Amino acid sequence: KRPKKKKKPQLKLLKKREVKAVWVVLSEDGIEFYKKKTDHSPKGMIPLKGATLISPCQDFGKRTLVFRITTDKKQDHFFQASHVEEREFWVKDIKRAITCLQGGKRFARKSTRRSIRLPETVNLVELYTLMRDQDDGVKELKLEQQNRVFNHCFTGATVVDWLISKDKARNRPEALMLATGLLNEGFLQPAGDLAKEGAESAEQTAFLDETMALYYFADSGFFCEGYSSDEDVIVKEEFRGNIIKQGCLLKQGHKRKNWKVRKFILRDDPAYLHYYEPSKGDDPLGSIHLRGSVVTAVEYVPDAKKHDIDGNLFEIITSDEVHYFFQAATGEERKDWIKAIQAVSKSGK
């Protein structure tokens, strides 16, 4: 009997020409990825037997949230996490799976119930749903620790207090057992160094009933800003959205009104269009907040000479009445960019 597969948070699958947000499943012998969480059939599968993992991977410049899996047949697959903690979480489990396969063993997450003697009557899914309740659940906060700001998180002591206050546990040891179950099953994730040390302790996963141990919900909007213990990474909120579209366009400058080729990356939730020097690293030259903006095809640009720039033009007018002008390579490409930007400007925050 094959062990139950564990569906985990979204990652971004990076390819040379496109970036797609995918739902990823780590099974005993490979990584399956789905177009969306509700799909029953995977879009693809990466075998882990004989595979190697590199993290962080420098193939995409300074992008430290990327890791690479190279299969036994020397095929490279790139994934990008949304923050450092999520990358570490994935890398740890995938490396464990590869090690198990090398030793001829089956990779499977430890049974939470057996390892911590969790009663069969406890429903962790139901408990997690109650904890996520907007009114009566565990409140997500912005907490600062070691020169870092952790958004959408809470302390271990807060979780234990909540479990007791809601009559889910009679005392702190019992509440700690439930919290450890939630951590083992991936419902809760460690955010700071202290919580991660507990989660990665040699004997078994430990949830910490402490005010300095930080955790977050697996499907929340958690992100960290500031200095990280293993590298300098700043993950600003505007970079958290899924990448919807990317490519090169001509953009008109605001001061000199000259046109230059820029690489553009469109993200949703929050809705931003960042533009970059095509040949340089990951630091953007600027960003356009798209929430409430208007994008339309135009036949000419007021400040441009017709013989200099003509055809496939479009304009973005932001909610602050700032005008941006662009030129796509083809009419079809212009239509695709307009459609994508319009969708993001309506749905993204």
Side-chain angles (χ1 to χ4, degrees), residues 11-21 56-68 76 78-84 87 223-226 228 231-291 293 295 301 303-304 308-309 312-320 322-330 332-345 348-349:
L11 289 173
K12 288 163 188 168
L13 181 63
L14 308 182
K15 296 186 178 180
K16 287 183 179 178
R17 296 184 180 180
E18 58 184 338
V19 179
K20 289 185 176 180
C57 166
Q58 302 302 321
D59 293 51
F60 287 81
K62 298 177 185 175
R63 209 181 292 183
T64 56
L65 302 178
V66 174
F67 60 90
R68 183 183 78 215
D76 290 332
F78 301 90
F79 290 94
Q80 180 181 323
S82 59
H83 49 81
V84 176
R87 187 198 69 201
F223 66 103
C224 173
E225 297 174 281
S228 176
E231 68 237 335
D232 288 319
V233 178
I234 294 183
V235 184
K236 294 182 180 177
E237 185 171 11
E238 64 186 67
F239 295 103
R240 282 185 50 243
N242 289 326
I243 295 176
I244 303 300
K245 185 174 174 61
Q246 62 178 320
C248 289
L249 296 165
L250 272 172
K251 175 185 173 295
Q252 186 188 46
H254 270 94
K255 292 180 180 178
R256 296 182 182 176
K257 304 298 181 184
N258 54 346
W259 292 77
K260 289 186 178 180
V261 175
R262 295 288 181 242
K263 177 186 174 183
F264 288 86
I265 295 181
L266 176 65
R267 291 179 171 89
D268 69 350
D269 196 25
Y272 274 91
L273 183 65
H274 293 92
Y275 51 95
Y276 303 75
E277 182 77 48
S279 59
K280 293 186 179 177
D282 279 353
D283 296 326
L285 298 171
S287 64
I288 304 168
H289 191 193
L290 296 172
R291 178 64 176 165
S293 64
V295 55
V301 175
D303 300 308
D308 288 339
I309 204 84
N312 307 320
L313 300 164
F314 66 95
E315 176 185 21
I316 295 174
I317 307 173
T318 69
S319 58
D320 298 329
V322 180
H323 294 243
Y324 295 89
F325 291 98
F326 310 88
Q327 184 185 42
T330 65
E332 191 65 29
E333 190 179 333
R334 174 175 73 169
K335 190 165 78 174
D336 289 347
W337 272 106
I338 290 173
K339 184 179 177 182
I341 293 169
Q342 280 177 339
V344 164
S345 68
K349 65 183 178 183

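We're numbering straight along the sequence, starting at 1. Because the structure is a prediction, the values reported are computed rather than measured. Just so you know, these numbers use all the heavy atoms, side chains as well, and skip hydrogens, waters and symmetry mates.
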Exercise. Between L290 and S345, what is the shortest heavy-atom contact and its length?
Worked result: O-CB, 3.1 Å
Problem set entry | R334 (side chain) donor-acceptor with Q327 (main chain) under 3.5 angstrom | no
Exercise. Should F314 and L249 count as side-chain neighbours, where that means a heavy-atom distance under 4.5 Å?
Worked result: yes
For this session: Walk me through it: do K260 and N258 pass the test side-chain contact (heavy atoms from CB on, under 4.5 Å)?
Result: CA-CA 7 Å; K260 289 186 178 180; N258 54 346; 3.7 Å; yes
Exercise. What's the shortest heavy-atom distance between V344 and I244, and which atoms?
Worked result: CG2-CG1, 4.0 Å
Problem set entry | Charged N-O contact under 4.0 Å between K263 and E277 | no
Exercise. Quick one: CG on L250 to CH2 on W259, what's the gap to the nearest 0.5 Å?
Worked result: 7.0 Å
For this session: Answer yes or no on whether K251 is positioned over the face of F264, meaning its NZ or CZ is under 6.0 Å from the six-membered ring centre and within 45° of the axis.
Result: no
For this session: Measure up the H289 and Y272 rings against each other and bin them: parallel (under 30°), tilted (30 to 60°), perpendicular (over 60°).
Result: parallel
For this session: Go through F326 and I316 one step at a time and tell me if the side-chain contact (heavy atoms from CB on, under 4.5 Å) criterion holds.
Result: CA-CA 8 Å; F326 310 88; I316 295 174; 3.5 Å; yes
For this session: Supply the atom-to-atom distance K245 NZ to D336 CG, rounded to the nearest 0.5 angstrom.
Result: 5.0 Å
Exercise. Taking atom CD of Q246 and atom CH2 of W337, what is their separation to the nearest 0.5 Å?
Worked result: 8.0 Å
Seminar exercise, completed: dist E315:CD -> S293:OG (nearest 0.5 Å) comes out at 11.0 Å
Problem set entry | Single hit among I341, V322, T318, L266 for side-chain contact (heavy atoms from CB on, under 4.5 Å) with I288 | T318
Exercise. What is the ring orientation for Y276 with H274, classed by angle as parallel under 30°, tilted 30 to 60°, or perpendicular over 60°?
Worked result: tilted
For this session: Output the distance between atom CD (Q252) and atom CG (L313), rounded to the nearest 0.5 Å.
Result: 9.5 Å
